[in-house]
Amino acid sequence: MKTWRAAIAALATASLFGTAAAAEKPSELRVGVTTFLSGPASVFGEPARVGAEMMVREINERGGIGGVPVRLIFVDEGAGGEHVVSEFRRLVEQENVDVMFASISSGNCNAVAPLAEDLGVLNFMWDCGTQRIFEEDDYRYVFRTQAHATPEMLATLLYLLKAKPDFQTIAVVNQDYAWGRDSWDIFSTALRALKPDVRVVAELFPRFGAPDYSTEVTRLAALRPDVILSTSWGGDLDTFIRQAAQRGLLQQSTFVLPLAESSLERLGRSLPPGHIIGARGDHYFLHPEFRDDPDFQGFMEAFRAETGAYPIYPVFHMSQAIAALEAAYLRAIEANGGAWPERSQVVDAMAGLTFQGLGRPVTIREDNQGLEAQLIGMTIHVDEFPFAVLDDMVIYDPRDITTPVGMNSIEWLRSLTPDFVDSVRIDRFSHAQ
Amino acid sequence: MTPQLALLATLDGIAYAALVFMVAVGLTMIFGVMRILNVAHGSFYAIGAYSAASIVLGLTAAGMNPWLVFPGLLLAAVGVGAVLGTLIERLLLTRIYTKEPVLQLLVTFAVFMILEDVQRLVWGVRPYFAAEPVYLLGNVQVVGIFYTAYQLILLPTVALLVLVGLRLFLRRTLSGRLIVAVTEDREMATALGINAGRVFLLTFVLGSTLAALGGALASPTTSLVPGIGADMIVLSFAVVAIAGLGQVEGAAIAALMIGLGRSFAVYVMPELEVVVPYLVMVIVLLIRPEGLFGVVERRRI
Amino acid sequence: MSPLLRVEDVHIRFGGVVAADGVYLDLEPGESLAIIGPNGAGKTTFLNICTGYLKPTAGRVLFEGNDITGQPPRAIVRLGIARAFQIPQLFLEHSVLDNMLIAAAARTRAWNPFRAMVALPERAEMIGLLRQLGVADTAEQRVDGLPEGVRKLVDVALALALKPRLLLLDEPTSGVSSSEKFQIMDALVQALKNQAVTSVFVEHDMEMVSRYAHRVAVWNGGRVQMVGTPADVLADADVRRDVVGI
Amino acid sequence: MTQLSWLHRTVILALALGVAVMPTLYPWSQVLLTLALAKGLAVLGVVVLLQAGQVSFGHAMFVAIGAYSATFLGRALGGGDLVVVLLGGVLTSVAFGLVIGVFVVRYRYIFFGMLNLAFSMVLFSLLEKFFHITGGSDGLRVLRPTLFGQSLDRATFEGILFYLTLALALGLGWLVHRYLQSPLGQALSAVKSNETRLEYLGVSARHVLLVGYVVSAALCGLGGVIIGLVQGLVTPELGYWVRSGELVFIAILGGASNVTGAFAGALVFEVVRTYAAAFAANIWQMILGGVLLLIVLFAPGGLIALYGNSVKKLFARTRTEP
């Protein structure tokens with residue numbers, strides 16, 4: 001990992017002879033991170049926090065960024081939107097943080113993005129999926145160091161159309177909150193454009209955090225759809241899959257689970273082979289391009305030693321935000337003739353920045369949106385792991401599947417035609433490879 | 001809706017109602033005797049569930065006889081109810097029996113907040129899931145649809161046993177009759193020399209054990225995440241209010257209403273699924289403020 | 001002259017107990033009627049029916065010729081019927097004077113939310129009423145600290161504060177020490193006379209009855225057994241046996 | 001207490017002044033204080049009902065109603081004007097308070113609490129469910145309103161909102177104090193101690209309670225509008241039952257019988273919560289729960305009673321000294 005970051009920093013194409021005034025080098029680089037430490041979403045938030053601490057420890061061990069050590073200050077998103085907003089502000093105004101990473105929840109992203117803009121603080125939306133933010137407003141200080149919901153859903157659909165081209169019926173079981181609704185809007189819009197003959201037989205939106213899905217499972221068992229889509233995550237997805245598995249539903253329909261990479265290890269063998277799994281990016285502890293890389297492997301093992309589980313996609317998202325932080329500062333320092341940059345110089349350095357975390361490199365577009373590759377695969381059972389892993393993996397090039405700059409996602413998806421499916425650039429990998 | 005689908009919806013509704021009933025009946029008993037609406041009841045559900053999952057996972061990991069998980073579930077419920085229930089009743093509730101109802105409610109609210117963090121400190125935030133008991137019992141087929149025997153048979157059976165057992169306990173045993181006596185007329189009962197303190201402790205432990213049992217039995221089918229207690233407590237409130245405070249049999253019927261209402265909503269009008277329990281509660285309370293089976297108390301002047 | 005209050009064939013029962021079983025009674029303006037009878041005869045139930053606390057299963061209650069059967073107490077009270085209770089019904093967390101001022105505000109509909117209750121112009125009048133009943137010295141005390149006897153009097157004062165035309169009193173001086181009883185009752189009767197208030201009082205003390213009632217109605221088993229002057233009624237053998245207990 | 005009232009007033013004014021200058025010394029405190037005062041307004045609503053002995057475990061619904069209606073109005077008007085948005089939010093809360101109030105004032109104690117809870121959960125579920133209108137659990141962005149047609153940048157807007165909230169807190173605090181001292185307010189506490197007698201004075205306890213209920217709905221709604229404006233975001237979470245419990249919690253923390261207590265409680269609560277969540281993220285709920293337990297068990301009169309007792313002690317000492 002060290003080596004890539006250095007390489008990326010060297011790639012940064014800025015003038016070595018910048019003349020801007022040098023700011024005094026601070027004693028530390030403070031980064032505020034909002035993440036779920038309580039509530040159901042802490043299943044994402046906790047691993048990301050642990051991952052962030054490990055990565056920052058590693059940065060600081062080699063002297064920090066540009067010689068300045070990084071300090072992380074965490075904010076619990078689980079304490080509610082009010083708390084996040086007031087903490088965001090406290091961190092900026094009182095703790096003088098240099099950069100904010102906010103947030104996981106799309107609702108919180110919606111709230112803090114304009115706040116960051118008004119406060120003039122660099123903010124990385126490090127994990128929230130809502131596609132709306134940059135489609136509805138222009139920002140100078142807010143960047144997204146990952147993809148948004150549209151490429152994530154579109155990649156999943158493209159994979160499904162290739163893997164199971166003849167399916168006729170589909171049912172959806174999503175959590176009843178913004179993500180569940182939004183992701184289905186995107187998926188179904190794209191589905192109507194790319195394969196209009198498919199019939200949607202049920203749209204179920206059980207309550208967020210529902211303890212029991214047996215009614216939904218019964219209904220799906222009676223309907224027998226070819227494909228069942230669920231963008232649920234965490235405990236909800238686990239419950240749904242286990243109850244469906246116990247009652248034979250997974251033998252009956254093909255499941256498409258764009259967020260299930262984060263549940264693979266917990267689900268164990270109850271997730272049978274032959275179902276489609278996404279990872280919100282190319283985030284997978286056995287990433288086919290990097291799994292033999294000693295740094296990558298080292299981090300995966302170290303993380304597992306620390307937490308007892310393999311890293312899941314929020315950890316990868318966090319690695320991208322941290323990589324972006326380092327790359328932006330290094331680029332700004334370079335542009336400033338080696339001196340510590342002003343904040344505005346760091347913001348300027350974000351333009352077109354490319355950085356690499358634990359996945360493929362991500363590039364920031366002119367609308368501040370990151371272009372992040374998407375990895376989708378099919379479950380198989382292998383001897384080395386007591387849980388399902390991915391086979392028949394496809395990595396999608398983000399340039400083809402991300403909503404073009406200045407367009408609205410839904411309108412763009414509507415404009416697609418069935419031949420789009422074959423126009424997308426992909427790379428294929430298998431588990432055995 | 002075809003009769004076949006109606007049958008399926010009914011079966012789902014019953015399984016769900018069984019779990020809700022076990023939690024709600026504990027809440028209603030505690031209220032009947034102690035006149036305290038225990039907000040921390042949901043925490044007993046959650047902690048019962050977590051403890052059960054830990055025991056089941058522990059037993060499975062240790063490679064013990066898999067059928068031991070069933071006594072394990074029971075052990076978790078009784079352990080949580082007895083230990084935590086006694087601690088809270090003795091250390092806290094005994095101090096507040098003479099206080100205003102608002103303050104009593106707030107004390108249980110405070111306990112709820114504290115226990116939320118206790119769960120997080122003990123079990124972390126990762127979803128827990130201990131499905132071994134469900135696998136052991138296998139599946140049952142009804143009109144071509146697979147059901148788990150656990151949900152279709154075991155849960156309703158246990159709920160029924162709890163209902164019948166409670167009836168017998170309250171009518172036939174001395175302790176049970178004391179509980180009934182205190183529920184019906186506290187002043188009279190204490191005037192007759194019933195040791196209210198002991199009855200309170202017994203009721204609280206029993207009620208808490210039922211909540212923990214609900215949690216323990218939910219753990220094999222539900223993934224346990226932070227916040228499950230908060231959701232369960234409002235649902236039990238709804239059941240208790242619909243039934244009428246202190247009504248044991250009524251709670252069973254109210255739980256069924258909510259369970260069936262919910263499962264039918266999934267077929268007929270999925271949009272309403274979440275609102276069903278609260279809509280039923282609003283409607284029932286507006287028509288019969290004392291609940292379906294509650295009795296009106298009139299002041300003598 | 002038509003009766004002030006007319007009760008016609010009123011029936012009510014609680015479970016197996018018949019508390020009113022065809023009660024008829026007329027009340028003339030200005031008179032003072034005593035109700036006597038054994039415990040459980042339905043005396044308090046009668047007051048509860050007249051004031052709308054209970055709705056009779058059959059029969060009518062007319063006040064000044066208007067049917068008030070089944071109207072809520074507050075509506076009946078606004079027509080001019082006030083009541084004092086066997087168990088005093090007071091605002092325990094308020095001072096005696098505050099109790100009176102709430103009554104005064106109720107009477108004058110002084111519901112301006114931005115005028116303090118202590119500034120009500122009826123303050124002096126209320127203190128005067130308390131003085132008449134001999135409890136003016138407790139005006140600033142909280143009710144829950146007062147002895148039962150004082151509470152009874154405050155309860156009567158509250159009813160008087162409404163300036164009713166008909167006052168129903170349920171054992172007004174029970175719990176008041178016997179040395180003060182007559183003194184207070186004298187003051188009360190005088191106050192009633194001054195304001196031309198018709199009154200009904202439930203009473204167990206036959207001396208009180210013979211001294212203050214114009215007429216006496218005897219209750220027994222949910223029925224009016226006999227109505228007459230105190231002398232006639234107290235002389236009746238049945239009444240003496242069933243009610244007076246001699 | 002009458003002899004202390006000058007002292008009381010001085011203390012309140014001094015505190016208000018202290019709050020007013022805080023943001024000039026510590027700019028970060030401005031939003032925290034605005035939120036605390038807004039919450040104080042909502043708690044004041046709960047305090048009004050507590051006078052009648054009624055505890056609503058659903059009053060956060062009016063916070064949500066105020067916040068959402070102001071947001072809808074603002075979005076419909078392309079931002080709207082601060083005054084319009086505030087009035088719109090409050091009036092909607094009043095309307096809802098009236099309709100819901102007509103039903104719930106027939107109930108007392110646990111039933112009152114439960115029915116409010118039920119209504120609030122229906123509202124909460126609907127806000128989450130009608131995703132296309134309400135934005136679901138992600139909520140809605142609140143557009144920044146103009147002030148008398150003047151558009152404002154964030155700093156100015158927040159400054160104005162802070163001082164406006166402070167002024168509203170003082171003004172409405174005083175008005176509610178007057179209301180509680182008036183016969184109508186006294187009748188509220190009469191509902192608590194003896195409803196039968198109230199009825200026998202010719203007063204409808206339901207009407208008295210309905211007035212109190214609508215007042216409390218208006219206060220909660222106003223608090224909600226301000227919370228929404230400060231946060232720039234409204235979510236169904238605002239109306240969740242735990243939030244209702246929080247309002248009651250703060251009322252008891254401050255001292256349920258007192259207008260000042262609502263604001264004192266809200267300030268202390270917000271500060272404890274902010275710092276507990278910032279510095280003890282794993283146990284902030286436990287800390288709050290512990291504080292609540294201590295208050296209920298050892299100082300049931302709340303902060304105001306603690307203050308009152310210490311003032312009394314102080315006076316007793318100064319009086320005996322010469």
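Keep in mind that this is a model prediction, so the values were computed, not measured. Order of the sequence lines sets the chain letters (A, B, ...), proteins ahead of strands, with each chain counted from 1.
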Legend entry - Pairing residues for Val56(A) by the side chain to side chain contact (heavy atoms under 4.5 Å, CB included) criterion, not counting sequence neighbours: Asn60(A), Val70(A), Leu72(A), Ile322(A)
Inset, instruction - May I ask you to name which of Val134(B), Val225(B), Ile228(B) has the most heavy-atom pairs under 4.5 Å with chain A? - result: Val134(B)
Legend entry - Heavy-atom pair of closest approach, residues Ala212(B) and Gly81(B): CB-N, 4.4 Å
Legend entry - Thr209(B) side, atom OG1; Leu84(B) side, atom CG - distance, nearest 0.5 Å: 10.0 Å
Inset, instruction - Run through Leu223(A), Leu220(A), Leu204(A) and flag the one making a side chain to side chain contact (heavy atoms under 4.5 Å, CB included) with Ile228(A). - result: Leu220(A)
Inset, instruction - Would you mind checking which part of Ile145(B) comes under 4.5 Å of any heavy atom in chain A, side chain (CB onward), backbone (N, CA, C, O), both or neither? - result: side chain
Donor-acceptor table for chain B and chain A, threshold 3.5 Å:
unit_1: Asp12(B); atom_1: OD1; unit_2: Thr218(A); atom_2: OG1; d: 2.9
unit_1: Asp12(B); atom_1: OD2; unit_2: Thr218(A); atom_2: OG1; d: 2.7
unit_1: Arg120(B); atom_1: NH1; unit_2: Leu37(A); atom_2: O; d: 3.0
unit_1: Asn139(B); atom_1: ND2; unit_2: Gln246(A); atom_2: O; d: 2.7
unit_1: Phe146(B); atom_1: O; unit_2: Arg247(A); atom_2: NE; d: 2.7
unit_1: Phe146(B); atom_1: O; unit_2: Arg247(A); atom_2: NH2; d: 3.1
unit_1: Gln151(B); atom_1: NE2; unit_2: Asp212(A); atom_2: OD1; d: 3.1
unit_1: Gln151(B); atom_1: NE2; unit_2: Ser214(A); atom_2: OG; d: 3.4
unit_1: Thr221(B); atom_1: O; unit_2: Gln243(A); atom_2: NE2; d: 2.7
unit_1: Thr222(B); atom_1: OG1; unit_2: Pro211(A); atom_2: O; d: 2.8
unit_1: Ser223(B); atom_1: N; unit_2: Thr239(A); atom_2: OG1; d: 3.0
unit_1: Ser223(B); atom_1: OG; unit_2: Gly235(A); atom_2: O; d: 2.4
unit_1: Ser223(B); atom_1: OG; unit_2: Thr239(A); atom_2: OG1; d: 2.5
unit_1: Asp231(B); atom_1: OD2; unit_2: Arg207(A); atom_2: NH1; d: 3.3
unit_1: Arg262(B); atom_1: NH2; unit_2: Asp212(A); atom_2: O; d: 3.1
unit_1: Val266(B); atom_1: O; unit_2: Arg219(A); atom_2: NH1; d: 2.8

Inset, instruction - Let me know if Leu11(B) has heavy atoms under 4.5 Å from chain A in its side chain, its backbone, both or neither. - result: neither
Legend entry - Partners passing ring pair (Phe, Tyr, Trp, His ring centres under 6.0 Å) against His41(B) (at least two apart in sequence or in another chain): none
Legend entry - Close side-chain approach of Ile233(B) and Asn38(B), heavy atoms under 4.5 Å: no
Legend entry - With Phe387(A) via ring pair (Phe, Tyr, Trp, His ring centres under 6.0 Å) - residues at least two apart: Phe385(A)
Inset, instruction - Would you indicate whether the side-chain heavy atoms of Val315(A) and Met55(A) approach each other to under 4.5 Å? - result: yes
Legend entry - Val266(B) versus chain A, the contacting section by heavy-atom distance below 4.5 Å: both
